[in-house]
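Report on the following structure.
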Amino acid sequence: MADRLRFAPSPTGYLHVGGARTALFNWLYAKHYGGEFLLRIEDTDKARSTDESTRAIFDGMEWLGLSWNEDVVYQGANLERHQRDARLLLERDKAYRCFCTPEELDQRRKDAEARKDTFRYDRRCDRLSKDEIERRVAAGMPHTIRFRVPDDQSTTWNDLVHGDITFPNKDIDDFVVLRSDATPIYNLAVVSDDIAMRITLVMRGDDHISNTPKQIMLYQALGAALPRFAHLPMIHGTDGKKLSKRHGATAVGDYQHLGILPEAMLNFLALLGWSPGNDIEVMSVADMIRLFSTEHLSKKAAIFDPKKLEWMNGQHLSMASAERLLPVIAPALEAAGLASRADVDARRDWFLRLIDLLKIRARTIDDIVRQATPYLRDSIEYDSDAVAKQWKDRDSAVQLLSAVRDRLASAEWNLAAMEESLRQLADTLGTSAGKLFQPLRVALTGLTASPGIFDVLETLGRERSLARIEAAVAYLRKRDAA
RNA sequence: GGCGGUAUCGUCUAGGGGCCUAGGACACAGCCCUCUCAAGGCUGGAACACGGGUUCGAAUCCCGUUACCGCUACCA
């Protein structure tokens with residue numbers, strides 16, 4: 001029997017990494033065990049919900065490739081059913097009308113606190129006579145609908161990650177299910193929708209553990225079959241506290257813009273609260289689906305470590321083909337003003353080769369863009385440290401570079417020929433290869449670090465390489481004179 | 001305060017009574033490779049929260065303590 005799962009975010013911000021992780025596990029479960037993965041937008045809090053946030057959730061899900069089955073369900077569209085379910089509870093005597101105002105409740109809560117008592121709703125409205133209730137309703141007195149918790153029992157379920165969890169009902173207050181403005185409270189809306197959507201496995205953050213007994217009671221009162229529950233551990237910031245704005249990037253969109261690959265994000269998120277065992281870490285999406293198991297879910301909250309995410313991204317960057325990377329790198333180059341669309345299309349192979357050179361030494365797309373700069377700009381800037389270190393002795397630098405230029409000018413422009421030629425030159429000059437290549441590297445890129453020097457020469461091309469060496473020589477002479 | 005959950009290197013984790021002088025990964029340090037930087041390889045430091053049980057034997061099971069987290073709204 002295939003399970004039906006859902007991811008049910010409220011559109012009050014962006015798609016949070018915690019939410020993304022929850023969505024991922026639901027999705028992986030559906031993919032691995034065979035099931036349906038649905039999406040429900042919980043927009044009942046009209047004050048905080050925005051279309052922009054809903055859009056951000058879709059964008060995030062799309063970027064990550066977390067596709068859902070069936071149409072998106074908007075909780076707000078189910079108001080009538082929620083109200084009907086609340087009425088049903090009333091009719092079945094599972095709930096009662098409560099005329100206490102928020103102010104009164106608040107006051108009683110404060111009083112209890114002052115006495116160091118635990119506040120409990122005292123059920124005074126449940127003791128109202130039938131006549132009194134009718135009188136108040138007729139008089140149009142605002143009231144909520146409160147669920148009457150059967151307090152002589154306890155509620156237990158077998159959680160997929162935690163095993164048996166039991167709550168004594170006496171510790172659970174009679175809770176409101178329908179506000180005085182006739183809108184539903186979260187627990188009712190969730191249960192009503194999950195029943196309607198025929199959800200059979202509720203997998204969500206473990207901050208919902210204490211909501212679960214209330215929801216189970218609602219299922220029972222409504223006469224619906226219970227789903228199974230799986231409560232996933234939370235994700236915390238580096239200080240061990242709940243992930244929030246203070247921790248920097250927490251929205252998946254942030255990572256997209258930081259140059260993280262979706263498959264790396266997924267891989268990293270998958271390892272927060274799950275492990276395939278066998279020391280496996282770097283996985284493709286297909287690997288994750290194949291390996292996913294409910295047996296290896298962790299109970300412990302995990303701390304989000306951006307450093308490991310970057311490393312993971314570096315791994316995926318290295319593994320990805322240049323063809324796979326080009327569609328994401330090209331727009332980044334364009335945004336940085338380094339290459340136009342037309343440029344990339346016209347010299348596709350050249351760009352592919354450049355990506356192959358850079359991806360292995362980059363951890364993010366941004367790294368690649370940064371490192372690609374010398375190959376895409378007409379002129380380069382000399383890094384001051386590079387100049388200080390590699391062109392310390394200007395005279396010999398000029399001599400070296402001039403000799404290289406002469407050699408290269410007559411060399412065949414391919415890797416093997418250039419390498420042979422320059423190594424021979426180093427020999428002739430009685431110097432080491434490094435002593436020759438480093439100053440040349442600065443002349444070609446302005447930097448001390450780059451791909452192999454012959455790859456750089458080849459990528460830059462004969463004309464541009466020779467021009468850069470020429471420019472470096474001129475620069476050094478000018479500095480000499482000054 | 002009440003209730004619930006969790007507890008292995010700084011971090012992510014393996015581990016589900018003997019295979020553990022606790023394994024892998026990130027980060028950190030060193031070495032190797034090397035034209036630089038990465039990548040890769042090797043090495044190192046680094047953990048079973050504490051206290052009681054159960055058992056021939058516990059990181060693994062039970063109880064308590066502590067710490068952390070969550071819930072305790074006419075928020076979701």
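Reminder, nothing fancy here: chain letters follow the sequence lines and each chain counts from 1. Basis for what follows: all heavy atoms, side chains included, without hydrogens, waters or symmetry-related copies.
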Check nucleotides 59-68 of chain B for protein N or O atoms closer than 3.5 Å to its own N or O atoms and list the pairs.
none

Under 4.0 Å protein heavy-atom contact, by nucleotide of nucleotides 5-16 of chain B - B base, S sugar-phosphate only: SSSS--SBSSS-
Take nucleotides 36-48 of chain B nucleotide by nucleotide from the 5' end and write B, S or -, depending on whether a protein heavy atom sits under 4.0 Å from the base, only from the sugar-phosphate, or from neither. BBSSS--------
Contact class for [X] (heavy atom, under 4.0 Å): base, sugar-phosphate, or nothing?
| X | value |
| --- | --- |
| A:T101 | base |
| A:N187 | nothing |
| A:C98 | nothing |
| A:F167 | sugar-phosphate |
| A:S180 | base |

Separation between the [atom1] atoms of [N] and [M], rounded to whole Å:
| N | M | atom1 | answer |
| --- | --- | --- | --- |
| B:A29 | B:C61 | P | 37 Å |
| B:G70 | B:C32 | C1' | 49 Å |
| B:A49 | B:G40 | P | 32 Å |
| B:C26 | B:G45 | C1' | 15 Å |
| B:A59 | B:U21 | P | 9 Å |
| B:U43 | B:C48 | C1' | 24 Å |
| B:G57 | B:C19 | P | 15 Å |
| B:A22 | B:A47 | C1' | 9 Å |

[Y] ring center within less than 6.0 Å of [X] ring center:
| X | Y | answer |
| --- | --- | --- |
| A:W413 | A:F454 | no |
| A:W391 | A:Y382 | yes |
| A:W274 | A:F292 | yes |
| A:Y255 | A:F304 | yes |
| A:H143 | A:Y96 | no |

Nearest-Å distance for atom pair [atom1]/[atom2], residues [X] and [N]:
| X | N | atom1 | atom2 | value |
| --- | --- | --- | --- | --- |
| A:L400 | B:C35 | CG | C1' | 13 Å |
| A:M234 | B:C69 | CE | P | 13 Å |
| A:R204 | B:C71 | CZ | P | 13 Å |
| A:F147 | B:C74 | CZ | P | 16 Å |
| A:E420 | B:C35 | CD | P | 16 Å |
| A:K214 | B:G70 | NZ | C1' | 12 Å |
| A:L269 | B:A25 | CG | P | 22 Å |
| A:R108 | B:C74 | CZ | C1' | 13 Å |

Need the pair for [N]. Rule: Watson-Crick or G-U wobble, both distances under 3.5 Å, any strand; none if unpaired.
| N | answer |
| --- | --- |
| B:G45 | none |
| B:U6 | B:A67 |
| B:G18 | B:C56 |
| B:G1 | B:U72 |
| B:U11 | B:A25 |
| B:G40 | B:C32 |

Has [X] got more than 12 heavy atoms of other residues, nucleotides or ligands less than 6.0 Å from its [atom1]?
| X | atom1 | answer |
| --- | --- | --- |
| A:E52 | CD | no |
| A:Y14 | OH | no |
| A:E420 | CD | no |

Side chain of A:D106, base of B:A73: donor and acceptor closer than 3.5 Å?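 Absent.
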Among B:C74, B:G70, B:A76, find the nucleotide with the atom closest to the side chain of A:D207.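 Of the candidates, B:G70 comes closest.
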Would you mind telling me which of B:C26, B:A76, B:C3 lies closest to the side-chain atoms of A:K307?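 Of B:C26, B:A76, B:C3, B:C26 is nearest to the side chain of A:K307.
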Tabulated below should be each protein N or O lying under 3.5 Å from an N or O of nucleotides 32-34 of chain B; please produce it.
none

Using a strict cut-off of less than 4.0 Å between a Lys/Arg side-chain nitrogen and an Asp/Glu carboxylate oxygen, indicate whether A:R123 and A:D173 qualify as a salt bridge.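 A:D173 and A:R123: not salt-bridged.
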Taking only Lys NZ, Arg NE, NH1 and NH2, and the carboxylate oxygens of Asp or Glu, determine whether A:R109 and A:E113 approach each other closer than 4.0 Å.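 A:E113 and A:R109: not salt-bridged.
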If we only count heavy atoms from C-beta on, is the A:L376 to A:F351 side-chain gap below 4.5 Å?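 Yes, their side chains come closer than 4.5 Å.
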About how many Å separate [atom2] of [Y] and [atom1] of [X], when rounded to the nearest 0.5 Å?
| X | Y | atom1 | atom2 | value |
| --- | --- | --- | --- | --- |
| A:L269 | A:L28 | CG | CG | 10.0 Å |
| A:D85 | A:I195 | CG | CD1 | 6.5 Å |
| A:D106 | A:F119 | CG | CZ | 9.0 Å |

Heavy-atom contacts under 4.0 Å between residues 110-128 of chain A and RNA chain B, which residues?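 Listed by number, they are A:T118.
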Could you note down all residue pairs passing salt bridge (Lys or Arg N to Asp or Glu O under 4.0 Å) where residues 261-275 of chain A supplies at least one of them, sequence neighbours left out?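 Checked against salt bridge (Lys or Arg N to Asp or Glu O under 4.0 Å) - neighbours excluded - the pairs reaching residues 261-275 of chain A are A:E263-A:R324.
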Working for side chain to side chain donor-acceptor pair (under 3.5 Å), residues A:T22 and A:R204: CA-CA 6 Å; A:T22 299; A:R204 73 239 292 194; over 6 Å; no
Residue pair A:L325, A:L261: steps toward the side-chain contact (heavy atoms from CB on, under 4.5 Å) verdict: CA-CA 9 Å; A:L325 261 16; A:L261 255 21; 4.1 Å; yes
A:C98/A:Y121 under side-chain contact (heavy atoms from CB on, under 4.5 Å): CA gap, chis, key distance, verdict: CA-CA 11 Å; A:C98 174; A:Y121 178 63; 3.2 Å; yes
Taking the inter-plane angle between the rings of A:W157 and A:F229 on a 0 to 90° scale, is it parallel (under 30°), tilted (30 to 60°) or perpendicular (over 60°)?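 The arrangement is perpendicular - the two ring planes meet at more than 60°.
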Would you kindly compare A:D181 and A:I280 by the position of their nearest RNA chain B nucleotide and give the one closer to the 5′ end?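 Here A:I280 is the residue nearer the 5' end.
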